[in-house]
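What follows is one structure encoded as structure tokens, with my remarks underneath.
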Amino acid sequence: MPYTPGESLGGLRVDLGAIPLGGVDSTGVAWALQELQGWDSAEVRAEVQQRDADHGAWASPVYLGERPISLAGVITATDRASLDDAMERLRAAAALTDTTLTVQETIPKQATVRRSGKLLLQHVTDRIATYSVMVTAADPRRYDTALQTGTTMLPSSTGGLTLPYTLPYTVSATTVTGAIGATNQGTFETRPVLVIDGPVTQPQVLTQMPDGSVRILAYSQNLATGEQLVIDTDAHSVTLNGNASRRRYLSAPTGWPVIPATSTVSIEFRAAAYNATATLTAQWRSAWI
């Protein structure tokens, strides 16, 4: 039967790169999704040590491991040439480099995956083939597809009442708080990417946690006009102008900041000297376990 491009085949929809598993692509090829495994839970790393001369064991901290994901189903095309083309596109989508896998749940979520097993493709007829794909997400979190972002300048206050004054008078002032409110709506902590644009002198990023504690990231160098510093709080990397590592100049004396599950933190921008054009941008996605 002919299919309409963009049509849903019912059930769950998973996009592997540009391949709409569970839907019909722009060429009219239908990608039926019959199996999705691994999206329910990541691997777990945990150890227990048996108690000496006592009942039970001592439990170690538990950490999530990688998230292997397998996808399987049926490809239906209008002719042999379209089927062969679809199979080639699937081989390319299950890449050896980072590919975005998106699961269209009520809140769509995504993971970054790479091929981690043999891709199985089998012709059934000249128009139908079966497929089985194994990919793995090194980061076990399932992220919101919507990227959240906030930008602030250094804190300042301008305007207000100037003496001497005459009646009647008005008082007006503009205040920049130098803070970004970052909310994680998911069930697992998420880690923001922080972008500082110069000029700025010895910038600091302070994250006010929900329990009142503060996590400080302090950069000991200065940024000139046009320079940009990117701090990835997940990778613990610090990159200047897209290519130069500056990790050795950043200290995190109270730990790297995170945004806990179902919580809001205040990300504050500070510096050794005020500059009106310096900015801090925070980027993050809500995350689920």
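What you see is a predicted model, and the numbers here were worked out from it, not measured in a lab. For the single chain, residues carry numbers from 1 onward in sequence order.
Two residues are said to be in side-chain contact when any heavy atoms from C-beta on lie closer than 4.5 Å; Asn184 and Ser263 fail this criterion. At a threshold of 4.5 Å between non-hydrogen side-chain atoms, the residues Gln34 and Thr130 do not count as touching. Considering only heavy atoms from C-beta on, Leu33 stays 4.5 Å or farther from Arg13 through its side chain. Residues Leu101 and Leu71 meet the side-chain proximity criterion, which asks for heavy atoms closer than 4.5 Å. At a threshold of 4.5 Å between non-hydrogen side-chain atoms, the residues Val14 and Leu16 do not count as touching. Leu36 has its side chain within reach of Ile69: a pair of non-hydrogen atoms, C-beta onward, lies under 4.5 Å apart. Val74 has its side chain within reach of Ile128: a pair of non-hydrogen atoms, C-beta onward, lies under 4.5 Å apart. Side-chain contact between Val214 and Thr254: absent, with no pair of heavy atoms (C-beta onward) separated by less than 4.5 Å.
Between Pro5 and Gly28, the closest heavy-atom pair is CG-N, 4.2 Å. Thr183 and Ser286 make their closest contact through O-OG, 4.0 Å (heavy atoms, listed as atom of the first residue, atom of the second, distance). In plain terms, the two heavy atoms of Leu217 and Ala252 that are nearest each other are CD2-CB, 3.6 Å. Ala57 approaches Val48 most closely through the heavy-atom pair CB-CB, 4.1 Å. Between Pro203 and Phe269, the shortest heavy-atom distance links the atoms CB-CE1, 4.0 Å. Considering every non-hydrogen atom in both Arg114 and Leu96, the closest pair reads CD-O, 3.4 Å.
Under a 3.5 Å cut-off, the side chain of Thr190 and the backbone N or O of Arg285 do form a donor-acceptor pair. Looking at Ser132, its side chain never comes within 3.5 Å of a backbone N or O of Ala72 through a donor-acceptor pair. When atom types are taken as modelled, the side chain of Arg247 and the backbone of Leu250 share a donor-acceptor pair closer than 3.5 angstrom. The backbone N or O of Ala94 sits nowhere less than 3.5 Å from a side-chain atom of Thr99 that would complete a donor-acceptor pair. Arg80 contributes no side-chain N or O that, together with a main-chain N or O of Asp126, makes up a donor-acceptor pair within less than 3.5 Å. A donor-acceptor distance shorter than 3.5 angstrom exists from the side chain of Thr125 to the backbone of Arg127, with no hydrogens or angles considered. Asn222 contributes a side-chain N or O that, together with a main-chain N or O of Gln202, makes up a donor-acceptor pair within less than 3.5 Å. At distances below 3.5 Å, at least one donor-acceptor pair connects side-chain atoms of Arg142 with backbone N or O atoms of Ile289. Thr152 places no side-chain N or O within 3.5 Å of a backbone atom of Ile180 that could act as its donor or acceptor partner. Judged by distance alone, the side chain of Arg270 and the main-chain N or O of Ala218 form no donor-acceptor pair under 3.5 Å.
If you check the side chains of Ser82 and Asp79, you find a donor sitting under 3.5 Å from an acceptor. One side chain, Asp15 or Gln104, offers a donor N or O that lies under 3.5 Å from an acceptor on the other. Using modelled atom types and a 3.5 Å distance limit, the side chains of Trp31 and Asp25 yield a donor-acceptor pair. Defined by atom type and a distance below 3.5 Å, a donor-acceptor pair is present between the side-chain atoms of Glu105 and Trp39.
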>> Run Arg89 and Val29 through side chain to side chain contact (heavy atoms under 4.5 Å, CB included) and show every step you take.
In response: CA-CA 11 Å; Arg89 287 188 283 120; Val29 173; 4.1 Å; yes
> So His123 and Asp84, side chain to side chain contact (heavy atoms under 4.5 Å, CB included) or not? Walk me through it.
Replying inline: CA-CA 9 Å; His123 282 91; Asp84 288 346; 3.4 Å; yes
> Step by step, would you call Arg91 with Leu121 a side chain to side chain contact (heavy atoms under 4.5 Å, CB included)?
Replying inline: CA-CA 9 Å; Arg91 291 185 179 99; Leu121 291 165; 3.6 Å; yes
>> Thr233 vs Val258, test: side chain to side chain contact (heavy atoms under 4.5 Å, CB included). Steps then yes/no.
In response: CA-CA 8 Å; Thr233 63; Val258 300; over 6 Å; no
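Taking His236 as the reference, Trp256 meet the ring-ring contact (aromatic ring centres under 6.0 Å, His included) condition, with sequence neighbours excluded.
For CD of Gln122, the number of neighbouring non-hydrogen atoms (other residues, nucleotides, ligands) closer than 6.0 Å is 12 at most.
Transitive grouping of hydrophobic side chains (ILVMFWY, heavy atoms separated by less than 4.5 Å) keeps Val133 and Leu120 in distinct clusters. Hydrophobic cluster membership differs between Ile107 and Leu12, with clusters built from Ile, Leu, Val, Met, Phe, Trp and Tyr side chains linked at under 4.5 angstrom. By the criterion of side-chain heavy atoms lying less than 4.5 angstrom apart, applied directly or through intervening Ile, Leu, Val, Met, Phe, Trp or Tyr residues, Val24 is not grouped with Ile19; the two fall into different hydrophobic clusters. Linking Ile, Leu, Val, Met, Phe, Trp and Tyr residues whenever their side-chain heavy atoms come within less than 4.5 Å places Val200 and Leu240 in a single cluster. Linking Ile, Leu, Val, Met, Phe, Trp and Tyr whenever their side-chain heavy atoms come within less than 4.5 Å leaves Ile75 and Met134 in two separate clusters.
From Thr277, atom OG1 reaches atom CG of Leu154 across 9.0 Å, with rounding to the nearest 0.5 Å. Put simply, OH on Tyr3 and OG1 on Thr76 are 5.0 Å apart, with the number rounded to the nearest 0.5 Å. Rounding to the nearest 0.5 angstrom, the gap separating the CD atom in Gln148 from the CH2 atom in Trp284 is 5.5 Å. Of the inter-residue distances, the one linking Met209 atom CE with Arg215 atom CZ reads 4.0 Å to the nearest 0.5 angstrom. Atom CD of Glu35 is separated from atom OH of Tyr131 by 9.5 Å, given to the nearest 0.5 angstrom. Note: Asn241 CG to Gln228 CD = 7.5 Å, rounded to the nearest 0.5 Å.
A salt bridge does not link Asp144 to Lys109: none of the charged side-chain nitrogens sits closer than 4.0 Å to a carboxylate oxygen. The residues Glu189 and Arg191 are annotated as salt-bridged, a charged nitrogen and a carboxylate oxygen being separated by less than 4.0 angstrom.
Just one residue in the list Asp197, Thr151, Thr149 forms a side chain to side chain donor-acceptor pair (under 3.5 Å) with Thr281, and that residue is Thr151.
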